[in-house]
Each structure stands twice: as structure tokens, then as C-alpha cells.
Amino acid sequence: MNVNVMTHPLIQHKVSLIRSIGTSSKDFRQLLDEITLLMGYEITRDLPLEDVEVQTPLVKMVGKQIAGKKLGIIPILRAGLGMVSGLLELMPSARVGHIGLYRDPETLKPVEYYCKLPSDLSERRIIVTDPMLATGGSASAALSLLKDRGAKDIQLMCLVAAPQGVETVNKEHPDVRVYVAALDEKLNEHGYILPGLGDAGDRIFGTK
Ligand code: PRP
Ligand code: URA
């Protein structure tokens with residue numbers, strides 16, 4: 001399996017808190033923000049830099065800035081929305097696109113209902129967000145859609161993954177780097193991740 005599990009102690013601590021059935025929607029959103037920000041810091045370590053001339057109050061100097069166009073953040077609706085603000089805090093100039101997919105509860109196959117993306121996907125580093133990578137069907141469909149629109153440099157950022165989801169994405173999109181805060185044991189008979197955290201969308205938005 002080709003997956004980066006974020007082992008930073010702060011991330012691991014917050015993942016245990018967010019899994020708990022006793023965590024309210026308000027706290028769930030807050031923790032997801034914090035975890036996303038920490039993960040975002042880790043996964044952007046390799047962004048290319050270029051020189052930039054800076055005039056300080058005293059002298060001119062050559063500093064560094066992120067090279068090229070800024071990033072694109074693409075949440076998979078609805079739950080992926082909960083991972084946008086943490087990334088925007090780090091990268092306020094990023095463009096945000098949206099892919100609407102829901103998983104049919106019977107077939108577990110993704111159904112597309114919305115798509116609005118920045119036009120210059122091929123020139124940006126793209127970070128796709130979705131807290132849950134279960135069968136991998138939704139993430140894989142979103143990645144195909146992005147590639148059809150020209151995206152080439154894509155990272156997939158999830159909170160909790162099942163091995164099956166990682167394997168599906170690895171197989172269908174070997175070029176996409178996958179980052180998770182936790183790699184769990186398996187899926188149950190309804191396609192939910194075990195031990196997991198339940199339905200991420202419902203927990204973020206307080207629906208059932
Ligand atoms: C959840 C989750 C993923 C998908 C994961 O979304 O946020 O998008 O299921 O499952 P998969 O890997 O088996 O495709 P859901 O369909 O519940 O929609 P929601 O975000 O609107 O709640
Ligand atoms: N979607 C969720 O929200 N949770 C799971 O465990 C699987 C899919």
C-alpha cells in the first residue's frame with residue numbers, strides 16, 4: 001500500500017478525540033480544522049520555492065516565495081468541506097473547487113451531483129479533501145474527474161482510511177499521493193470504516 005500515515009503526536013491525539021461518540025458537532029468541526037491544518041503543513045513540505053527580492057526597512061535582500069501558481073483545494077461534498085478552512089488558513093490564496101458526490105447506500109457506488117472547478121487545474125498543485133476513504137469509490141471518481149479536466153499534480157488528504165480504499169486509489173491512480181491521519185482495520189457490511197468515527201458528514205453538520 002502506498003500511503004503516508006501522519007504520525008505527528010498532535011495529529012494522533014486529536015484523531016482519538018474526534019473519533020469519540022461523545023464529541024459534539026461543534027468540537028468535531030474544530031478538531032477537523034486543527035487536524036487539517038497540521039496535515040496541510042506536513043504535505044506542503046515539498047512545494048517548490050523561488051527567489052524574491054524583499055526591501056526590508058534597512059536593506060534589500062533575497063528571500064523565498066512559493067513558485068508558480070498557488071494551490072487548488074477540492075473538497076468532495078459534503079464532508080470534504082470540513083477540511084477546507086484549515087487549509088485556507090495556511091494558504092489563503094488557494095482556489096477552491098467543489099465536487100459533489102454521494103455514496104449510494106445500496107450499491108456503495110458514487111453518484112455525482114455537482115462540479116465546479118478552477119479553470120487552470122493543470123497549472124496548480126491540487127489537494128483533494130475527504131475525511132473518509134472507505135471503499136475508495138468516491139475519491140477515485142473525483143480523481144478521474146479532475147484528471148479529465150487537466151489536473152496532473154494531485155494529493156489526496158483524508159482523515160481516516162480503510163485498507164480497501166487506499167488499495168483502490170493506489171490501483172486506479174498510482175500517481176496520486178495519499179495522506180491519512182489514521183489507517184484503520186476494515187469496512188463493515190455497510191461499507192463503514194471500523195473502528196472509524198461513523199458518518200463524517202452527519203457528524204460535521206449535525207444531521208442524521
Ligand atoms: C462519505 C465520505 C466519502 C465517502 C467515502 O460521503 O465523505 O465521500 O462517503 O466512501 P467511499 O470511499 O466508499 O466512496 P457520503 O456519501 O456519506 O456523503 P456526504 O459527505 O454528503 O455525507
Ligand atoms: N463514509 C463515512 O462518513 N464514514 C464511513 O465510515 C464510511 C463512509
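Everything numeric in this text was worked out from a predicted model, so none of it was measured. Both counts, for ligands and for their atoms, begin at 1 and track the order of listing.
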Using every non-hydrogen atom in the two residues, find where Gly80 and Thr129 come nearest and quote the distance to one decimal.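 Closest approach of Gly80 to Thr129, heavy atoms only: O-OG1, 3.0 Å.
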
Ring of Tyr113, cation from Arg78 - is the NZ or CZ under 6.0 Å from the centre and inside 45° of the axis?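 Here Arg78 fails the 6.0 Å and 45° test against Tyr113.
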
State whether any protein heavy atom lies less than 4.0 Å from atom 2 (C) of ligand 1.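 Yes.
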
Strictly less than 4.0 Å: does any protein heavy-atom distance to atom 19 (P) of ligand 1 fall in that range?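 For atom 19 (P) of ligand 1 the answer is yes, since some protein heavy atom falls inside 4.0 Å.
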
Sub-4.0 Å atoms of ligand 1 with respect to non-hydrogen atoms of Arg78: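 Listed by number with element: 19 (P), 20 (O), 21 (O), 22 (O).
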
Would you check whether Gly136 reaches within less than 4.0 Å of ligand 1, judged by its heavy atoms?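 Under 4.0 Å: yes for Gly136.
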
Identify, for [atom], the protein heavy atom at the shortest distance, and state residue, atom and that distance.
| atom | result |
| --- | --- |
| atom 14 (O) of ligand 1 | Ser138 OG, 2.6 Å |
| atom 3 (O) of ligand 2 | Ala200 N, 2.8 Å |
| atom 7 (O) of ligand 1 | Asp130 OD1, 2.8 Å |

Should the proximity of Leu77 to ligand 1, defined as any heavy atom under 4.0 Å, be assigned to the side chain, the backbone, both, or neither?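 Under 4.0 Å from ligand 1, Leu77 contributes backbone atoms alone.
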
Do you know which of Ile154, Asn4, Leu156 makes side chain to side chain contact (heavy atoms under 4.5 Å, CB included) with Val178?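 Testing each of Ile154, Asn4, Leu156 against Val178, the sole residue satisfying side chain to side chain contact (heavy atoms under 4.5 Å, CB included) is Leu156.
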
Shortest reach to atom 13 (O) of ligand 1 by a heavy atom, considering only Thr135, Leu159, Asp202, Ile99: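 The nearest heavy atom belongs to Thr135.
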
Selected option - heavy-atom contact closest to atom 16 (O) of ligand 1, from Arg103, Arg203, Gln164: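 Nearest option to atom 16 (O) of ligand 1, by heavy atoms: Arg103.
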
Is it the case that ligand 2 has an N or O less than 3.5 angstrom from some N or O of Ile193?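 Yes, at least one N or O pair falls under 3.5 Å.
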
